[in-house]
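Inspection log for the structure reproduced underneath, given as structure tokens.
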Amino acid sequence: HDHGWLNARYHFNFANYYNPNLKPKNPLVVWNDDTIKSQTGFPMHSHKNMEIITYIRKGSITHKDSVGNLGEIKSGQIQVMSAGSGITHSEYNLSDEETLLFQIWIEPNKYDLSPYWENIDLSNKSNEKIIILASGEEKYKKIDILRINQDASVILISENKNQTLNYKFNKDRH
């Protein structure tokens, strides 16, 4: 959906977009592939009880929220905003180039927690083929990743052409 300043590819039903062939994958409720034009973005708006993960593929966005966080997230970085009991935020592409990002919404397994925001740089992991971006799974508790309030993980798997990578999913995962 092209909104002028935002071109969004929805992988699930979202906002005014509805495709009866798309079935929800709870707790994953949103996976949007967004292109945000330079000097545009999302003005202040509110969320409650949602884990929102944003992975910047090109460009940057500037995040500002009602609990005092302000930060620029650049290409190769990821942010988590846990909306918890409620948070208001904006996200703008203040750069001179368009920004490409994935935005992922996951329903939390705990409600009305204190909201928080955090981002990390993944450039030190750029040679890894499988990177855990964000997780609430117990098995990843001891590694330095972004935490979400759900027994789920967002994983980046990158490969070269004609290369095969194996990642084993537990039988109760999708």
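When a residue number appears, it is its place in the shown sequence, counting from 1.
- Applying the 6.0 Å contact sphere to CG of N124 captures more than 12 heavy atoms from other residues, nucleotides or ligands.
- Contact record, A83 with P115: O-CB, 3.4 Å, taken as the closest heavy-atom pair.
- For N109 against Q150, the heavy-atom pair with the smallest separation is ND2-CA, 3.4 Å.
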Applying side chain to side chain donor-acceptor pair (under 3.5 Å), run through E98 and T35 and close with a yes or a no. CA-CA 7 Å; E98 69 182 11; T35 302; 5.4 Å; no

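- With L101 as the partner, the side chain to side chain contact (heavy atoms under 4.5 Å, CB included) test is satisfied by one option alone out of D34, N93, I78: D34.
- For the residue pair S60 and T99, the shortest heavy atom distance occurs at O-OG1, 2.7 Å.
- Defined by atom type and a distance below 3.5 Å, a donor-acceptor pair is present between the side-chain atoms of S82 and E51.
- Under the 4.5 Å side-chain criterion, counting only non-hydrogen atoms from C-beta, H89 is not in contact with N69.
- One distance of note links OH of Y116 with CG of N149; it measures 5.0 Å at 0.5 Å rounding.
- The aromatic rings of W117 and H63 lie parallel to each other, with less than 30° between the two planes, well short of the 60° mark.
- The minimum heavy-atom distance between T88 and S46, with the atom names listed, is OG1-OG, 2.8 Å.
- Between W5 and F42, the distance separating the two ring centers is shorter than 6.0 angstrom.
- Atom-to-atom distance recorded for H47:NE2 and I52:CD1 is 4.0 Å, nearest 0.5 angstrom.
- By the 6.0 Å contact criterion, NZ on K141 is open, its count of non-hydrogen atoms from other residues, nucleotides or ligands being 12 or less.
- When I53, V80, L122 are each tested for a side chain to side chain contact (heavy atoms under 4.5 Å, CB included) with L133, only one passes: L122.
- Formation of a donor-acceptor pair under 3.5 Å by the S95 side chain with backbone atoms of E97 is found in this model.
- Here the side chains of K129 and S158 are in contact, with some heavy-atom distance below 4.5 Å.
- More than 12 non-hydrogen atoms from other residues, nucleotides or ligands lie less than 6.0 angstrom from NZ of K58.
- Between the side chains of E72 and T62, no donor-acceptor pair of N or O atoms lies under 3.5 Å.
- Within 6.0 Å of NZ on K37 lie no more than 12 heavy atoms contributed by other residues, nucleotides or ligands.
- Remark: I104 CD1 to M50 CE distance equals 13.0 Å, nearest 0.5 Å.
- Hydrophobic clustering of Ile, Leu, Val, Met, Phe, Trp and Tyr side chains at less than 4.5 Å, counting indirect connections, keeps I56 apart from L100.
- With a 4.5 Å cut-off on side-chain heavy atoms, L156 and K125 do not count as touching.
- Atom NZ of K110 has 12 or fewer neighbouring heavy atoms from other residues, nucleotides or ligands inside a 6.0 Å radius.
- In the hydrophobic cluster analysis, where Ile, Leu, Val, Met, Phe, Trp and Tyr join through side-chain heavy atoms closer than 4.5 angstrom, I73 is grouped together with V67.
- No option in T54, I61, N119 other than N119 meets the side chain to side chain contact (heavy atoms under 4.5 Å, CB included) test with Q77.
- Using a 4.5 Å heavy-atom cutoff, the side chains of D144 and I120 are not in contact.
- Between I145 and A134 the shortest heavy-atom distance is CD1-C, 4.5 Å.
- Note on Y92: it does not cluster hydrophobically with Y55, by side-chain heavy-atom contacts below 4.5 Å among ILVMFWY residues.
- Partner of E91 under the side chain to side chain contact (heavy atoms under 4.5 Å, CB included) criterion, out of M44, Q103, K64: Q103 alone.
- The nearest pair of heavy atoms linking D96 to Q39 is OD1-NE2, 3.8 Å.
- Residues I87 and L113 do not share a hydrophobic cluster, defined by chaining ILVMFWY side chains whose heavy atoms lie under 4.5 Å apart.
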